[in-house]
Amino acid sequence: MKPLKTLVLAACLVGAVTSLAGAKNVKTLAGTMTVPNTVTVTSAANTNTVGIIKDILIKDNAKPNINKLTRQSNDEALAVLDQMGISYDVYQIQGEDKTGQKDALLAAVDLKTAANALFENPKGNAPILPVLAILNTGKMDPITEQLMLTTVNNALPKETKTFTLADKNIPGSVYVKAGNDYSAAVGVVGERKAPTTVTVENTEMMEKMNNTKYPTYTVGTRVLLDTEGLKFPYYAKAALVMTPEKPTLFLALTSDVQRQYFMPIFTEAFKSIK
C-alpha cells in the first residue's frame with residue numbers, strides 16, 4: 001500500500017500545481033536550472049496542497065477509532081511529504097507553441113539520501129559500498145564512469161522491445177469476479193483480464209553531456225504503456241547530475257506527441273544545472 005499511496009499523493013499534488021510567472025532560472029534539488037522564457041516550471045513542494053494533504057492525514061490519525069494499519073500508512077505518507085522539496089520533488093513544466101499548450105512532469109530524487117535510507121546497514125551490503133561512496137562524495141573516477149556507461153548501454157535495448165509487467169505492481173483498473181467473467185469495480189482488489197505491457201523504442205544511449213558544471217549523464221526513450229487495451233504513448237528522459245552535496249536523478253515525462261517540443265528543453269535544462 002505504501003508505494004500506491006505515495007503515487008496517489010504525488011498525483012494529487014501535481015494535479016493541484018498552478019503555473020507561476022515565466023522565470024528563466026528555476027531552483028531544483030540539484031541547483032539552478034535554466035529554461036526558456038516561454039516555459040514555466042512549478043514545484044509541487046511550493047504549493048499549498050502539501051499542507052492541505054498533511055492536515056487531512058493528521059486529522060485522520062487523531063480519530064479515536066482509527067485502526068493500526070491506517071495510522072501506520074498515514075504516518076508513512078506524512079514522512080514522505082515531509083521530505084518533499086528536500087530529498088525529492090515533482091515539477092510541472094508548461095510551454096506553448098503555435099499548436100497549443102504543452103505539459104510535462106519532472107521528478108527529482110536526492111540519490112545520496114535515498115541510498116543511505118535504503119541501505120541503513122551498508123556493512124551488511126558489501127556490493128553497495130562503492131556506490132554509496134560515490135554518492136556520498138558526488139565524485140566518480142574515469143574508470144568507474146566508463147564502466148557505468150558501458151554497463152548501462154549494454155543493458156539498454158537496441159531495438160523495440162516489450163516487457164510484460166506483473167499485475168500486482170500496476171495500480172489501475174480493478175475487477176471483481178462475477179460468475180465466469182469479470183466486471184469493473186472501483187476500490188475492490190481483483191484480477192485483470194489482460195497483462196499490462198510496456199514497449200520501449202528509439203532508446204537513446206546513456207551519454208555524458210559536454211560543457212556542464214557537474215558531471216551529467218542522460219538517457220531517454222519512447223514508451224508505450226498498454227493496459228487493458230488502452231495505449232498511452234510517452235517520452236521519458238532521465239538525467240543523473242553528480243553534484244557534490246546532492247547527486248540527483250531527474251526523470252522527465254511527457255506525451256509522445258509533445259516529444260519534439262520538449263526534447264531540446266529537457267536537454268538544455270539538464271545541461272544548465274549549476
Side-chain angles (χ1 to χ4, degrees), residues 2-3 5-7 9-10 13-14 25-35 41-46 50 54 75-93 105-153 155-156 206-220 236-253 266-274:
K2 181 178 178 181
K5 189 159 191 174
T6 301
L7 180 64
L9 288 171
L13 289 167
V14 170
N25 293 322
V26 180
K27 185 178 180 181
T28 72
L29 288 185
T32 301
M33 173 186 289
T34 302
V35 297
V41 180
T42 306
S43 163
N46 294 332
V50 177
K54 289 172 68 174
D75 287 340
E76 291 173 347
L78 284 167
V80 170
L81 290 174
D82 284 339
Q83 288 299 308
M84 177 168 277
I86 300 174
S87 60
Y88 78 98
D89 208 345
V90 180
Y91 309 88
Q92 183 184 53
I93 305 177
L105 293 180
L106 177 66
V109 178
D110 171 9
L111 291 182
K112 181 191 297 185
T113 300
N116 283 302
L118 185 61
F119 300 99
E120 296 179 357
N121 179 26
K123 292 183 179 180
N125 296 275
I128 203 67
L129 289 176
V131 176
L132 291 178
I134 291 171
L135 294 177
N136 286 329
T137 61
K139 297 179 180 180
M140 191 184 308
D141 63 77
I143 295 177
T144 302
E145 176 185 85
Q146 189 56 51
L147 177 62
M148 176 189 73
L149 291 171
T150 301
T151 302
V152 172
N153 286 332
L156 291 175
M206 188 180 214
E207 62 180 6
K208 183 177 182 180
M209 303 188 83
N210 296 321
N211 303 317
T212 60
K213 180 174 182 179
Y214 307 112
T216 301
Y217 312 87
T218 63
V219 63
K237 183 84 171 183
L240 172 61
V241 183
M242 295 295 291
T243 62
E245 299 82 14
K246 192 173 287 189
T248 303
L249 176 65
F250 288 93
L251 177 61
L253 185 69
F266 291 157
T267 298
E268 291 305 314
F270 295 145
K271 189 175 182 179
S272 70
I273 293 176
K274 56 188 178 182

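One is the number of the first residue; the rest follow in order along the sequence.
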With a 4.5 Å cut-off on side-chain heavy atoms, are [Y] and [X] touching?
X: Phe250; Y: Ile273; result: yes
X: Phe266; Y: Leu106; result: no
X: Ile143; Y: Leu147; result: no
X: Lys139; Y: Asp141; result: no
X: Glu207; Y: Leu149; result: no
X: Lys271; Y: Asn211; result: yes
X: Tyr214; Y: Pro244; result: yes
X: Thr34; Y: Glu268; result: no

Closest approach of [X] to [Y] (non-hydrogen atoms, all atoms of both residues):
X: Tyr91; Y: Leu29; result: OH-N, 3.3 Å
X: Lys112; Y: Leu135; result: CE-O, 3.1 Å
X: Thr113; Y: Ser87; result: CG2-CB, 3.8 Å
X: Pro247; Y: Gly138; result: CG-CA, 4.0 Å
X: Phe270; Y: Thr218; result: CD1-CG2, 4.4 Å
X: Tyr217; Y: Met242; result: CE1-CG, 4.0 Å

Exercise for the section: Can you run down the side chain to side chain donor-acceptor pair (under 3.5 Å) pairs that involve residues 238-248, sequence neighbours left out, and say none if there aren't any? Expected result: none
Give, for atom [atom1] of [X] and atom [atom2] of [Y], the distance between the pair rounded to the nearest 0.5 Å.
X: Thr216; Y: Leu240; atom1: OG1; atom2: CG; result: 8.0 Å
X: Asn136; Y: Leu111; atom1: CG; atom2: CG; result: 11.5 Å
X: Thr267; Y: Lys237; atom1: OG1; atom2: NZ; result: 4.5 Å

Exercise for the section: Would you please say whether a donor-acceptor pair under 3.5 Å links the side chains of Ser43 and Asp89? Expected result: yes
Handout entry: Any side-chain donor near an acceptor of the partner, Gln146 and Thr150, under 3.5 Å
Key = yes
